[in-house]
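What follows is one structure encoded as structure tokens, with my remarks underneath.
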Amino acid sequence: MTVNLPPVYEPAEVEDKIYLYWLEKDYFKAGGREGKKPFTIVIPPPNVTGTLHMGHALNNTIQDVLIRWRRMQGYDTLWLPGTDHAGIATQNKVEEHLAREGLSRYDVGREKFLEKAWEWKEEYHTRILQQLYKLGVSCDWSRERFTMDEGCSRAVREVFVSLYEKGLIYRGDYLVNWCPRCHTAISDIEVEHEEKPSTLTHIRYPGVGWKGQIVVATTRPETMLGDTAVAVHPEDPRYRALVGKKVMLPLMNREIPIIADEYVDPSFGSGAVKITPAHDPNDFAMGQRHGLEVVKAIGEKGTITPEMGKYAGMDRYAARRQIVADLEEQGFLDKIDDYTHAVGHCQRCKTEIEPLVSLQWFVKMKPLAGPAINVVKEGKTRFIPERFTRAYLHWMENIRDWCISRQIWWGHRIPAWYCPCGEVIVAKEDPSECPACGGTDLQQDTDVLDTWFSSALWPFSTLGWPEQTDDLQRYFPTSALVTGYDIISFWVARMIFMSLFFMDEIPFAEVSVHGLVRDAEGRKMSKSLGNGIDPLEIIDQYGADTLRFTLITGQAPGNDQRFRPESVEASRNFSNKIWNASRYVLMNLGDFKPEGLPKTLNRHDRWILDSFNRVTRETTALLEVYELGEAARAVYEFVWGDFCDWYIELSKAYLYGEGEAEKERSRAVLYHVLEGTLRLLHPFMPFISEEIWQHLPRSNSSPHAKEALCVSRWPQFRSQELDPEAREEMELVRAVIRAIRNLRSEVGLPPGQRSPVVFRVPTSLQPLLRAEQPFIEKLAWVEEITFLSEEAEKPAQALAALLDELEVYLPLAGVIDLEQEIARLGRELKNTEKDLARATAKIANPNFIQKAPPEIVEKEKNKKEELNRKQEKISGRLAELKKMA
RNA sequence: GGGCGAAUAGCUCAGUGGGAGAGCACCUGCCUUACAAGCAGGGGGUCCGGCGUUCAAAUCGCCGUUCGCCCA
């Protein structure tokens, strides 16, 4: 074969071609590996709201690394892809779109609106898929799902009806977080709290039938319109006598009672608080305890209700200003202080939420949370890193009922129907008549379910549930879930309790948690800041492998990372390094046919095979514990630091030399190591590794004669192939070469100018160094090596590198600057003596000898001896030089 | 108010009980028949501060400082 690869890797020319090849061959399809253990991941379904961002790129790359690695290990891998309808988010997008034509959703009507939403979904679904293809993910596309497809929708109904029948779903009046802009209730965790400078308004409430007044403080004076009590602490001596009496609500001229409740903090403000059950969660709870009236002062549009006299219809902020002005005018305003407090905002549109009492559907959480707490405590589902367990448990243990109805149109419509006779019908199939009165005038609930309701079923609904499908049997529970820490409570927690309730099993054994991808300055990437980086742009410019490698190496489990152009370039350089190392091998293979490793291997071969064996072990072990960044780094170091910097350089002597047998042996090892390296690399950089692999010669007797790297075997670590002898010898050889390079660099010798060196070396080491002489000469730009025995006189006019086992001299008659060399050796002596002192002190400590593990003590002793020899050599040399000076 | 995380080279970050690391940046010398997106060499650290546990702490515990996040 003729190989003529360009010197610079061009990802754009190979990636699409290779992805299509993989798809054609159906490599990503699960099944067909009977008898193999399954390894399953369900994708965190991206929202069809828009396109993918860097966070998605990271999330999917991690999953793809795991899946490709397990596939190569021989597992029956299933990575199930899909997308999420993302209720409020998508609805908002479609509404924005309509607004450009001057239309509201009410103008077009529910049916037409949903058509638009489906169109939106189709468009973005296609784009998301394109992006995932570009990233190179190996999902089983034949099993792709959507949260609103037929099967998932059936699962949603099944779950709703079942929970309703078991009394775990109920409908009730409750204080919910209302977004006046999205015009819907949202769950507690969809509210973002933000500290904001605000004011604390102190208002006087005059006594009724008693002399005096009570001052209450509030951050939201406009809610006073709906006050139905003033509360004090029962033990508070200032107010004890007033409990049970009444005050007059200013502006409204309504009498309201003074009540006592433990909840009131007597040390805050005046120790008395106004109670607005309709507009504050704590007040609502207190109102329930005391049977207080609920007076709505603010309506669903964020405006004052019609019952509130002159304020009726005013926007809540305008009303606040007006009310404060009126209070002041009428003498009820005590004072206004500056104050900072947390204000709830809608996660989707950032509007300040308004707590409102309304009729909503809820999931009763306590019975569901218990088992979900247990499985995590028992370690049946594990969070990685472990610290996220605590956040999960804290949330689960303090959980409140989950408001699941949303007053929007895009989503799963609540399967409840109302009959004029008062009957409520909750059913899997649309009812045609009322079971109570036989009436046919049934109205379905207009609300839809919270998006997370369907996502909570994702691990089993996507596998066919409620049908007992083969896939469900085989692939559930899934093996791992890969997700960002920001959706542990939204999604992970809910999948766990839903799965335990309906499947009686955990949904996944391990949750690998990753962090956020931030911009180069560490800020969150966001549309409003305009600091987002489109993964596709990076792929177009540098290739998917580069993007993947950047994200993976920049990542430590559970930690945020910054996306920096420098790191992208570093990854790009690495892929080019791989490309060129492969070019070198391919250019020199000739008509080589792989037939396994040669029978006789030399020291260099044994050393690189030992290194490869070690990096195989390390990479595999790191992947096992989800340390993907470390695993990728291990491969990087091996490729660049061992294979390229040393083995390839050493191999040049053979390949550019004369001996045919040597050439063949060298080719075989280069081939073997390169091929194995590509396999280690493949999960991280699937495209470049596959592309090069496809260029490698193959033969039928080759042990890895698969048709694609993507389905070849993951390298196996073999302990019997470790070669400590070769390793040790090569370490010495490399140390000698580095020492010579270092000396040459001290005097600024350019590579082209070769120099003689002198070794003063024990006879035991002479065979090794004489055997390696040609390589030392080549790699250290040496022209001639003289071997001296230890008895021989040392060269005088020379720089010295004093290793603990031998001495290396660079003779430079007349060139050497004695003063400089003395200074240099003096610095080295100082460092050596410092280390020696530390080691000596350690060994002198009887506690250390007694309590430290024997191998550590042994190591320390060896170190001390080594340093001793080195110290003697340096000081000896210094004495000689000083004599000459 | 409660919880969690971060603090290590100029920058960005790995490292979690046994001799301080990487990438980038910087300095020096090099186009060396794979690669200048490269090669060789080098400088650079109070591992935030303090106390403790231990034979041994960047690593474990406690206290504090600064920053970030989550929850109430």
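Chain naming here is simple, since letters A, B, ... match the order of the sequence lines and numbering starts at 1 in each.
Shown here are the side-chain contact (heavy atoms from CB on, under 4.5 Å) partners of A:Glu658, two or more places apart in sequence or in another chain: there are none. Remark: A:Arg617 engages no residue in a side-chain hydrogen bond (donor to acceptor under 3.5 Å, both in side chains) (not counting sequence neighbours). Residues meeting the side-chain hydrogen bond (donor to acceptor under 3.5 Å, both in side chains) test with A:Ser571, sequence neighbours left out: A:Thr550. Residues passing the side-chain contact (heavy atoms from CB on, under 4.5 Å) test with A:Ala493 are A:Tyr392, A:Trp395, A:Met396, sequence neighbours excluded. Judged as a side-chain hydrogen bond (donor to acceptor under 3.5 Å, both in side chains), and not counting sequence neighbours, A:Arg838 has no contacts. A:Arg754 pairs by the side-chain hydrogen bond (donor to acceptor under 3.5 Å, both in side chains) definition with nothing, not counting sequence neighbours.
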Please table the atom pairs, donor to acceptor, closer than 3.5 Å between any side-chain atom in residues 854-870 of chain A and protein atoms at least two apart or in another chain.
unit_1, atom_1, unit_2, atom_2, d
A:Glu860, OE2, A:Lys863, NZ, 3.2
A:Arg869, NE, A:Asp804, O, 3.4
A:Arg869, NE, A:Asp804, OD2, 3.4
A:Arg869, NH2, A:Asp804, OD2, 2.5

List the atom pairs, donor and acceptor, that lie under 3.5 Å between side-chain atoms in residues 620-649 of chain A and the rest of the protein, sequence neighbours left out.
unit_1, atom_1, unit_2, atom_2, d
A:Thr620, OG1, A:Thr616, O, 2.6
A:Thr620, OG1, A:Trp714, NE1, 2.9
A:Tyr626, OH, A:Glu510, OE1, 2.7
A:Glu630, OE2, A:Arg633, NE, 3.2
A:Glu630, OE2, A:Arg633, NH2, 3.2
A:Arg633, NE, A:Gly629, O, 3.2
A:Arg633, NH1, A:Thr553, O, 3.4
A:Tyr647, OH, A:Asp605, OD1, 2.5
A:Glu649, OE1, A:Lys652, NZ, 3.3
A:Glu649, OE2, A:Lys652, NZ, 3.1

*Sugar-phosphate atoms are those with a prime plus P, OP1 and OP2; base atoms are the rest. Using that split, label each nucleotide of nucleotides 22-31 of chain B B, S or - for protein heavy atoms under 4.0 Å, 5' to 3'.*
-BS----SS-

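Rounded to whole Å, atom P of B:G38 lies 7 Å from atom NZ of A:Lys577.
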If you restrict it to nitrogen or oxygen atoms, what contacts under 3.5 Å exist between nucleotides 2-4 of chain B and the protein, and what is each distance?
unit_1, atom_1, unit_2, atom_2, d
B:C4, OP1, A:Arg390, NH1, 2.8

Please list, for nucleotides 52-60 of chain B, all pairs of protein and nucleotide N/O atoms separated by less than 3.5 Å.
unit_1, atom_1, unit_2, atom_2, d
B:C55, OP1, A:Lys851, NZ, 2.3
B:C55, O2', A:Asn845, ND2, 2.9

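Close to B:A36, at under 4.0 Å from its OP1 or OP2, lies no side-chain N or O of A:Asn580. Regarding contacts with the backbone of B:C13, every side-chain N or O of A:Asn559 stays at 4.0 angstrom or more from both OP1 and OP2.
Look at the C1' atom in both B:U8 and B:G41: the space between them is 25 Å, to the nearest Å. A distance of about 36 Å separates the C1' atoms of B:G52 and B:G23, rounded to the whole Å. Separating the P atom of B:A58 from that of B:C47 is a span of 8 Å, rounded to the nearest Å. Spacing between B:U46 and B:G10 at atom P, rounded to whole Å, works out to 7 Å.
In this structure, A:Asn576 reaches the bases: a heavy-atom distance under 4.0 Å links it to at least one base atom across the strands shown. Note on A:Ala391: nothing from the nucleic acid sits closer than 4.0 angstrom, heavy atoms only. Residue-level contact check: A:Leu516 touches neither bases nor backbone, having no heavy atom under 4.0 Å from any strand. Nucleic acid contact class of A:Asp835 (heavy atoms, under 4.0 Å, all strands): none. Among the atoms of the strands shown, only primed sugar atoms or phosphate atoms (P, OP1, OP2) are found under 4.0 Å from some heavy atom of A:Glu630.
Between A:Lys366 and A:Glu397 there is no salt bridge, since no side-chain nitrogen of the basic residue lies less than 4.0 Å from a carboxylate oxygen of the acidic one. Checked for salt-bridge contact, A:Asp261 and A:Arg289 meet the test: a charged N lies under 4.0 Å from a carboxylate O. Salt bridge annotation for A:Arg562-A:Glu521: absent, with no cationic side-chain nitrogen under 4.0 angstrom from a carboxylate oxygen. The residues A:Glu821 and A:Arg824 are annotated as salt-bridged, a charged nitrogen and a carboxylate oxygen being separated by less than 4.0 angstrom.
Between the side chains of A:Tyr671 and A:Asn588, no donor-acceptor pair is found at a separation under 3.5 Å. For the residue pair A:Ser651 and A:Tyr584, a side-chain donor N or O sits within less than 3.5 Å of a side-chain acceptor on the partner.
Counting only Watson-Crick and G-U wobble pairs whose two distances sit under 3.5 Å, RNA chain B takes part in these stems of three or more pairs: B:1-7 with B:65-71, B:10-13 with B:21-24, B:26-30 with B:38-42, B:48-52 with B:60-64.
Place A:Ser582 and A:Tyr9 on RNA chain B by their nearest nucleotides, and A:Ser582 ends up nearer the 5' end.
Looking at the side chain of A:Leu867, the nearest of the listed nucleotides B:A40, B:G19, B:G41 is B:G19.
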